[in-house]
Number of protein chains: 2
Amino acid sequence: MKVTESRREFDDACGIAHALELIGERWGLLVLRELLFGPRRFSDLKADLPGITPSVLTQRLSEFEDRGLVRKSRLPPPASVWVYEATEWGLDIEAALITLGCWALRSPRHDSTKPVNASSVMLSLKANFDSVKAQGFRARLGFRLGEKEFVVRVEDGEIEVRRGETSGADATFTGAPTGVVEVMFRGAPDALAIEGDMAIARRFTEMFSLPAKAAQ
Amino acid sequence: MKVTESRREFDDACGIAHALELIGERWGLLVLRELLFGPRRFSDLKADLPGITPSVLTQRLSEFEDRGLVRKSRLPPPASVWVYEATEWGLDIEAALITLGCWALRSPRHDSTKPVNASSVMLSLKANFDSVKAQGFRARLGFRLGEKEFVVRVEDGEIEVRRGETSGADATFTGAPTGVVEVMFRGAPDALAIEGDMAIARRFTEMFSLPAKAAQ
DNA sequence: CGGCATCCGGGAAGATACTG
DNA sequence: CAGTATCTTCCCGGATGCCG
């Protein structure tokens with residue numbers, strides 16, 4: 001379905017202006033954030049974005065489809081359900097999301113008591129991963145955050161995160177999304193339950209460094 | 001004047017969600033872009049953002065003031081006019097703007113025939129500056145794009161751009177904003193008039209490299 | 001004239017209900 | 001489960017007017 005261009009375009013060839021035409025509508029960036037780690041169903045997205053209404057989600061997804069950011073596809077039988085998936089180019093917005101998110105966290109108005117989203121914390125792992133500290137390390141880590149499962153692969157100083165079963169991981173962290181922040185960024189190892197190879201798990205928790213709070 | 005929080009907040013501690021609360025409203029990022037290279041008057045901003053209405057500009061500026069992104073100050077006499085100026089933290093959004101803009105330029109929908117804004121091209125210089133190519137180079141370059149003047153300082157592989165008089169520059173480029181794109185990124189040296197030290201000017205034009213268009 | 005405030009119309013987003 | 005449909009609210013854009 002073709003959705004009419006929702007907001008008037010800016011008369012400006014600037015990349016920033018065009019970015020706003022692509023992803024500037026309300027909820028847009030948060031929908032993309034939810035798609036960073038793999039395809040998702042409509043109801044998953046709705047559940048993970050508390051406050052979004054079905055009609056707005058429908059709009060954002062079909063606009064993104066028109067704009068080449070998202071693809072809608074049907075999983076093979078027996079699943080046979082529709083999923084939404086970011087395109088290659090759509091996924092490339094990750095770097096901008098990370099930069100923007102890190103900037104915003106320095107706001108005096110940031111309210112860290114709000115609920116923490118699973119995709120958000122998994123993205124923060126990528127944002128604050130220190131590839132120097134990961135030299136010579138290679139492992140698969142599982143994360144079980146409520147119902148949601150993620151697999152993190154570290155290799156050659158690179159980190160990769162995707163949704164998927166945690167079985168087969170060298171070590172698995174289980175708990176609430178906030179626990180990830182506690183363990184990786186605040187050195188509180190008990191905020192998540194750890195199973196599997198403890199040495200690998202411990203070493204992994206040391207691979208993150210938060211940027212110094214700017215003097216401002 | 002205190003402006004009531006315009007849009008309901010997202011119930012999400014994620015940095016991206018907070019970024020949207022800070023700068024997600026229409027025209028917001030473009031207003032900030034205009035403030036990247038120095039303080040500006042209300043009427044300057046209005047003139048440089050064709051299509052924005054005074055009331056929306058008023059809103060964005062006072063919201064940004066409330067949020068600590070922008071400061072309003074009065075220039076010393078004899079000027080004695082009000083100017084809007086990005087705070088330190090506000091200026092730090094530059095990196096996110098560059099990442100986002102470069103991403104958006106890869107859109108198949110990008111229309112490069114639209115008018116080009118002076119701040120936009122000056123920002124593109126920072127975005128595509130290759131510090132390796134600038135090793136051992138030190139100069140002040142002037143840019144006269146219509147009425148607007150910018151000074152670029154290159155030193156120790158760093159580039160700095162601000163609004164200001166071009167007098168005292170080692171070399172000065174004069175022409176339309178599009179000319180900057182032609183000269184620096186497309187190797188068309190005649191798209192701008194050059195005065196001053198030609199060797200410095202030529203060398204400067206070689207210091208930019210556009211990222212390869214992603215395969216997509 | 002610069003720097004807004006105000007009023008109005010259109011349209012996007014929110015709330016809720018409903019359907020295949 | 002995956003969306004529509006409808007109604008309401010409120011932001012944005014455009015015009016106009018005020019005021020130092």
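For the numbers below, each heavy atom of this structure counts, side chains included, while hydrogens, waters and symmetry mates do not. Here is the naming used below: chain letters follow the sequence lines, and residue numbers restart at 1 for every chain.
Inter-axis angle, ends of the helix from dC1(C)-dG20(D) to dG20(C)-dC1(D), five pairs per end, rounded to 10 degrees: 30°.
For the OP1/OP2 pair of dC12(D) and a distance below 4.0 Å, the side-chain nitrogens and oxygens of Q59(B) include at least one atom meeting the criterion.
Atom CD in E63(A) sits about 16 Å away from atom C1' in dG3(D), given to the nearest Å. For the pair L49(A) CG and dA2(D) P, the interatomic distance rounds to 14 Å; values are reported in whole Å. One can place CG of L57(B) at 14 Å from P of dG14(D), the figure rounded to the nearest angstrom. Rounded to whole Å, the distance from CG on L61(B) to C1' on dC4(C) is 11 Å. Straight-line distance from the CZ atom of R74(B) to the P atom of dC4(C): 11 Å, rounded to whole Å. Taking atom CD of residue E25(B) and atom P of nucleotide dC10(D), one finds them 15 Å apart after rounding to whole Å.
The side chain to side chain contact (heavy atoms under 4.5 Å, CB included) search around S55(A) returns T53(A), not counting sequence neighbours. With sequence neighbours excluded, no residue forms a side chain to side chain donor-acceptor pair (under 3.5 Å) with D197(A). T166(A) meets the side chain to side chain donor-acceptor pair (under 3.5 Å) test with E149(A); sequence neighbours excluded. For F64(B), the ring-ring contact (aromatic ring centres under 6.0 Å, His included) test picks out no residue, with sequence neighbours left out. For Y84(B), there are no ring-ring contact (aromatic ring centres under 6.0 Å, His included) partners two or more places apart in sequence or in a different chain. Legend: residues meeting side chain to side chain contact (heavy atoms under 4.5 Å, CB included) with R153(B), ordered by chain and number and at least two apart, are R140(B), E155(B), E160(B). Looking at residues two or more places apart in sequence or on another chain, you find no side chain to side chain donor-acceptor pair (under 3.5 Å) involving S73(B).
Ring-plane geometry between F150(B) and F37(B) is classed as perpendicular, the angle between the planes exceeding 60 degrees on a 0 to 90 degree scale with a lower cut at 30.
Screening residues 169-179 of chain A for salt bridge (charged side-chain N to carboxylate O under 4.0 Å, His left out), with sequence neighbours left out, gives no hits.
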Nucleotide N/O to protein N/O under 3.5 Å, stretch nucleotides 14-17 of chain C:
from, atom 1, to, atom 2, distance (Å)
dG14(C), OP1, R26(A), NE, 2.5
dG14(C), OP1, R26(A), NH2, 3.3
dG14(C), OP1, W27(A), NE1, 3.4
dG14(C), OP2, W27(A), NE1, 3.0
dA15(C), OP1, R8(B), NH2, 2.9

What protein N or O atoms touch nucleotides 1-3 of chain C N or O atoms at under 3.5 angstrom, if any, and at what distances?
from, atom 1, to, atom 2, distance (Å)
dG3(C), OP2, S43(B), N, 2.9
dG3(C), OP2, S43(B), OG, 3.1

Less than 3.5 Å apart, which donor and acceptor atoms pair up between the side chains of residues 114-123 of chain B and the rest of the protein, not counting sequence neighbours?
from, atom 1, to, atom 2, distance (Å)
K114(B), NZ, E9(A), OE1, 3.0
K114(B), NZ, F10(A), O, 3.0
K114(B), NZ, E21(A), OE2, 3.3
N117(B), OD1, S119(B), N, 2.7
N117(B), OD1, S120(B), N, 3.1
N117(B), ND2, E34(B), OE2, 3.1
N117(B), ND2, D48(B), O, 3.1
S119(B), OG, E34(B), OE1, 2.8
S119(B), OG, E34(B), OE2, 3.3
S119(B), OG, R163(B), NH2, 2.9

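Here the closest non-hydrogen pair linking I200(B) and A139(B) is CG2-CB, 3.7 Å.
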